[in-house]
Amino acid sequence: MKRRQEDFANLVNEVDIIMLDIEGTTTSISFVKEELFPYVRQEISNYLKETWDTQLTKDDVAALTRQVSEDARAGVEPLPTSHSPEVLIPALVATVAAMMDADSKVPALKALQGHMWHRAYLNGAITGHVYNDVVEALQQWKKAGKRLVVYSSGSVQAQKLLFSHSCHGDLLHYFSDHFDTSVGAKVEAGSYRTILQALHSPPPEKVLFITDLVKEARAAEEVGMRVVVSVREGTVPLSPHDLEHYPVIHSFTHLLNPHLSPSKRASREQQKPEEEEKQKEQEEKQEKQEEENAKAEKVEEK
Ligand SMILES: CSCCC(=O)C(=O)COP(=O)(O)O
C-alpha cells in the first residue's frame with residue numbers, strides 16, 4: 001500500500017517516543033558486516049592475549065564460558081576446562097567465530113564485541129556510520145520534543161560508541177535511553193514489555209519502533225507499539241504481505257514533517273552521491289516489487 005508523506009508525518013506526530021534499531025535502520029548493513037564484525041574476527045586473538053589479566057576480559061571470558069556450557073546442552077562443543085591462556089584463547093577464538101557465523105545475539109558475545117570496538121573507535125580505526133537522513137530526523141524530532149531511544153542487539157556500550165564516534169560527530173546526546181539484548185531478544189514481545197516498563201509505562205501506541213526486521217516489528221506490534229519497517233541497501237526483502245501491512249521507508253526523510261524540514265530534495269542534496277544513487281535504486285526496486293505484487297494479486301483474483 002502506498003503511503004503519502006503526510007501519513008508518515010502524522011504517524012510521527014501521534015507518538016511521544018521514537019525507538020530506533022541500528023543495523024539496517026540508522027546505519028548501513030555493510031558498515032556492520034564489513035567493518036565492525038571483521039574487526040572482531042581479525043583482532044580477537046591479540047585482544048585476548050593483551051588483556052587476558054584484566055578484570056574486564058576475565059568477566060567476558062566467564063560470561064562466554066557460561067553461555068557455551070548452556071549451549072552445550074544443545075550439542076555445542078564445550079570450552080576446555082584448562083585455565084591456561086595458550087589452551088583457552090584458541091578455543092575462545094573458534095567459539096566466537098562460530099557464534100558470529102551464526103549471527104548470534106547473546107549478551108556474552110555482544111559485550112565482548114563492545115569492549116573490543118571501544119579500542120577501535122578511540123584509536124580512529126573505526127568511525128560509526130549513520131545515514132545523513134537519520135541526522136536530520138534526530139534534529140527535527142528532538143526539537144519537536146520527542147524522546148529518542150535505541151534498541152539494538154549491539155551492547156549498550158557498542159551503541160554509545162557508534163553514536164558518539166559517528167561520521168557526523170557526536171550524536172549521542174540525542175538519545176535518552178539505550179536497550180540491548182539484556183532486556184531480551186528483539187524478536188520476543190516480552191522484551192518490548194520490559195522496555196515499556198523501563199520507560200515508565202507510556203501507552204504503547206505512543207511509542208514508534210523503526211526496524212529493518214519484520215520479526216522485530218511483529219514483536220513490538222504485539223505489545224501495541226506503532227512500527228515502521230526500514231528498507232535499506234542489503235536489508236532482508238519484504239514479503240507481499242509485509243509490504244501491504246507495514247509502513248515502509250527507504251529513508252528517514254519519509255518520516256519528516258515537510259513543513260518543518262528542508263524538502264526531500266534538499267535532504268538528498270546533502271547525501272553523498274553514491275548513497276543517493278543506492279537509495280534511488282532501492283526505491284525503484286521496491287516500487288517494481290510493489291507493482292509486481294499488485295499484478296500477481298490481480299491474476300490470482302481472476
Ligand atoms: C551497536 S552496533 C553493532 C551492531 C550489532 O552488533 C548487531 O548485532 C546489530 O544489531 P541490530 O539490532 O542493530 O540490528
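Ligands are counted one by one from 1 in listed order, and the atoms in each one are counted from 1 as well. We're numbering straight along the sequence, starting at 1. From a predicted model like this one, the values you see are computed outputs, not experimental measurements.
Legend: ring pair (Phe, Tyr, Trp, His ring centres under 6.0 Å) pairs involving residues 203-230, not counting sequence neighbours, sorted by first then second residue: Y192-F209. Applying the ring pair (Phe, Tyr, Trp, His ring centres under 6.0 Å) rule to pairs touching residues 32-64 yields nothing, sequence neighbours excluded.
Put simply, the side chain of K160 never gets that close to the backbone of L172: no donor and acceptor are under 3.5 Å apart.
Of all the heavy atoms in K105 and T181, the pair that sits closest is O-OG1, 3.3 Å.
Remark: V87 pairs with P80, S82, S84 by the side chain to side chain contact (heavy atoms under 4.5 Å, CB included) rule, at least two apart or across chains.
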Please produce the table of protein N or O atoms sitting under 3.5 Å from N or O atoms belonging to ligand 1, one pair a line, distance to 0.1 Å.
unit_1: ligand 1; atom_1: 6 (O); unit_2: K110; atom_2: NZ; d: 2.9
unit_1: ligand 1; atom_1: 8 (O); unit_2: K105; atom_2: NZ; d: 3.0
unit_1: ligand 1; atom_1: 8 (O); unit_2: K110; atom_2: NZ; d: 2.8
unit_1: ligand 1; atom_1: 12 (O); unit_2: D21; atom_2: OD1; d: 3.2
unit_1: ligand 1; atom_1: 12 (O); unit_2: S153; atom_2: N; d: 2.8
unit_1: ligand 1; atom_1: 12 (O); unit_2: S153; atom_2: OG; d: 3.3
unit_1: ligand 1; atom_1: 12 (O); unit_2: K186; atom_2: NZ; d: 2.6
unit_1: ligand 1; atom_1: 13 (O); unit_2: D21; atom_2: OD1; d: 3.1
unit_1: ligand 1; atom_1: 13 (O); unit_2: I22; atom_2: N; d: 3.3
unit_1: ligand 1; atom_1: 13 (O); unit_2: E23; atom_2: N; d: 3.0
unit_1: ligand 1; atom_1: 13 (O); unit_2: S152; atom_2: OG; d: 2.8
unit_1: ligand 1; atom_1: 14 (O); unit_2: D21; atom_2: OD1; d: 3.1

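V228 and V187 are members of different hydrophobic clusters when ILVMFWY side chains are connected at heavy-atom separations under 4.5 Å.
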